[in-house]
K.L.:
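Have a look at the structure that comes next, please.
Remember, it's 1-based here, ligands and their atoms both numbered in the order they're listed.
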Amino acid sequence: MDGTPGLLAGKRAIVTGGANPRGIGAAIVELFIAQGATVAVLDQAYPEGAAAALAAGRCNLHCDVSRTASCEAAIEQAKAALGGIDVLVNNAGIVAATRIWDLPEDEFRRMIEVNLTGTYNVTHAALPALLDSPRQPAIVNLGSTAALRGGGLLGGSHYAASKGGVISFTKALARELGPRGVRANCVAPGIIETDMTLGKFGENWEQELKQGIPLQRFGSPAEVAQAILFLASDLSSYSTGIVVDVNGGFHIH
Ligand code: NDP
């Protein structure tokens with residue numbers, strides 16, 4: 001920071017799925033802290049039972065978003081460490097390309113459990129604290145272009161359905177929570193360079209895909225984080241129930 005207060009000055013944020021240093025979650029955490037937030041990072045990768053000590057603006061808490069009890073415990077720890085919750089970013093997610101003819105029920109269920117039920121679990125656990133927040137509380141959920149165009153790349157029908165569910169869930173949250181002072185919005189990233197996508201297409205397909213994107217390249221985690229910062233901060237104070245595309249023009253609709 002350069003001495004100016006920052007777009008999230010004084011805000012207390014939860015970011016799920018922020019442990020992978022090459023992921024979108026890590027970019028969100030870095031930008032949020034640079035903009036003045038304190039952040040509880042919830043991820044299944046962190047050890048269970050570790051103390052929630054705040055250091056350099058963040059604390060790392062174990063949380064499997066697909067398990068209700070794990071989410072409730074992590075949110076309790078986060079509230080104690082941060083003193084409340086003003087911003088929730090549901091970023092944790094998984095992807096798989098399995099096509100419908102090969103898709104077993106347990107894989108379909110797991111996708112929904114992590115991406116959609118996980119978003120519900122953390123939101124439901126954090127909601128009392130968000131409703132208590134005096135600092136323009138906001139929820140930001142990670143959808144995907146896959147939900148809008150019907151998968152087809154690295155995400156199969158189960159991934160597309162889970163992210164479509166997240167988008168619909170967010171719109172309903174916006175309606176239900178708007179009168180109670182909480183905004184809820186989505187970002188829908190296109191192809192972003194993280195472990196989910198890097199090296200997954202093969203060189204020829206990758207070049208072909210890039211040529212089909214108006215901005216001629218894949219996006220970076222930092223570019224998704226910037227859109228999330230807008231939706232998490234008071235810059236978007238009159239926006240709720242929207243889906244912000246971050247896809248280089250890959251899907252214009
Ligand atoms: P990453 O795999 O890099 O990050 C996902 C993070 O979520 C990882 O830290 C992962 O932990 C964590 N996670 C997975 N399952 C759980 C769980 N059950 N409980 C808690 N944490 C969990 O992916 P990205 O950064 O690329 O993706 C972030 C989000 O953005 C996802 O929701 C994804 O669907 C969405 N997105 C990504 C796009 C892309 O092109 N990259 C495009 C559109 C949407 P672990 O590593 O231990 O599994």
K.L.:
Leu229 and Leu7: side chain to side chain contact (heavy atoms under 4.5 Å, CB included), yes or no, with the steps?
P.N.:
CA-CA 8 Å; Leu229 172 64; Leu7 290 169; 3.7 Å; yes
K.L.:
May I ask you to identify, for Val65, whether its side chain, its backbone, both or neither come under 4.0 Å of ligand 1 on a heavy-atom basis?
P.N.:
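For Val65, backbone and side-chain atoms both sit under 4.0 Å from ligand 1.
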K.L.:
Would Asp234 and Lys11 count as a side chain to side chain contact (heavy atoms under 4.5 Å, CB included) if you check the C-alpha gap in whole Å, the side-chain angles of each, and the deciding distance to 0.1 Å?
P.N.:
CA-CA 11 Å; Asp234 302 347; Lys11 302 243 193 196; 2.7 Å; yes
K.L.:
For ligand 1, is Gly143 a contact, meaning one of its heavy atoms is under 4.0 Å away?
P.N.:
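It does; at least one heavy atom falls under 4.0 Å.
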K.L.:
Going by the closest heavy atom to atom 11 (O) of ligand 1, which one wins out of Asp43, Thr117, Val166?
P.N.:
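Looking at heavy atoms only, the winner is Asp43.
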K.L.:
Just going by heavy-atom distances, which of Asp64, Asn247, Val187, Asn141 is nearest to atom 18 (N) of ligand 1?
P.N.:
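Among Asp64, Asn247, Val187, Asn141, the closest heavy atom to atom 18 (N) of ligand 1 comes from Asp64.
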K.L.:
Would you mind listing which atoms of ligand 1 come within a distance below 4.0 Å of any non-hydrogen atom of Ser144?
P.N.:
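Once the distances to Ser144 are compared, the set is 43 (C), 44 (C).
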K.L.:
Have a look at ligand 1 and work out which part of Cys63, if any, has a heavy atom under 4.0 Å from it: side chain, backbone, both or neither.
P.N.:
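The answer is the backbone of Cys63.
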K.L.:
Would you tell me which option among Ala92, Ala26, Ala147 has the nearest heavy-atom contact to atom 22 (C) of ligand 1?
P.N.:
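The nearest heavy atom belongs to Ala92.
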K.L.:
Would you please determine whether Val95 falls within less than 4.0 Å of ligand 1 on a heavy-atom basis?
P.N.:
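Under 4.0 Å: no for Val95.
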K.L.:
Does one hydrophobic cluster hold both Tyr159 and Tyr120, with members joined at side-chain heavy-atom distances below 4.5 Å?
P.N.:
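Yes, one cluster joins them.
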K.L.:
Which atoms of ligand 1 sit under 4.0 Å from any heavy atom of Thr194?
P.N.:
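By the 4.0 Å cutoff, the relevant atoms are 24 (P), 25 (O), 26 (O), 41 (N).
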K.L.:
Do any N/O atoms on Ile24 end up under 3.5 angstrom from N/O atoms on ligand 1?
P.N.:
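Ile24 vs ligand 1: N/O contact under 3.5 Å present.
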K.L.:
Of the side chain and backbone of Leu142, name the one, both, or neither that has a heavy atom under 4.0 Å from an atom of ligand 1.
P.N.:
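Near ligand 1, Leu142 shows its side chain, while the N, CA, C and O stay back.
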K.L.:
May I ask you to check if Lys210 and Phe218 form a cation-pi contact, with NZ or CZ under 6.0 angstrom from the six-membered ring centre and within 45° of the axis?
P.N.:
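Pair Lys210/Phe218 counts as cation-pi.
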K.L.:
Hey, which of Val15, Ile33, Thr38 is the one that makes side chain to side chain contact (heavy atoms under 4.5 Å, CB included) with Arg58?
P.N.:
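Of the listed residues Val15, Ile33, Thr38, the side chain to side chain contact (heavy atoms under 4.5 Å, CB included) partner of Arg58 is Ile33.
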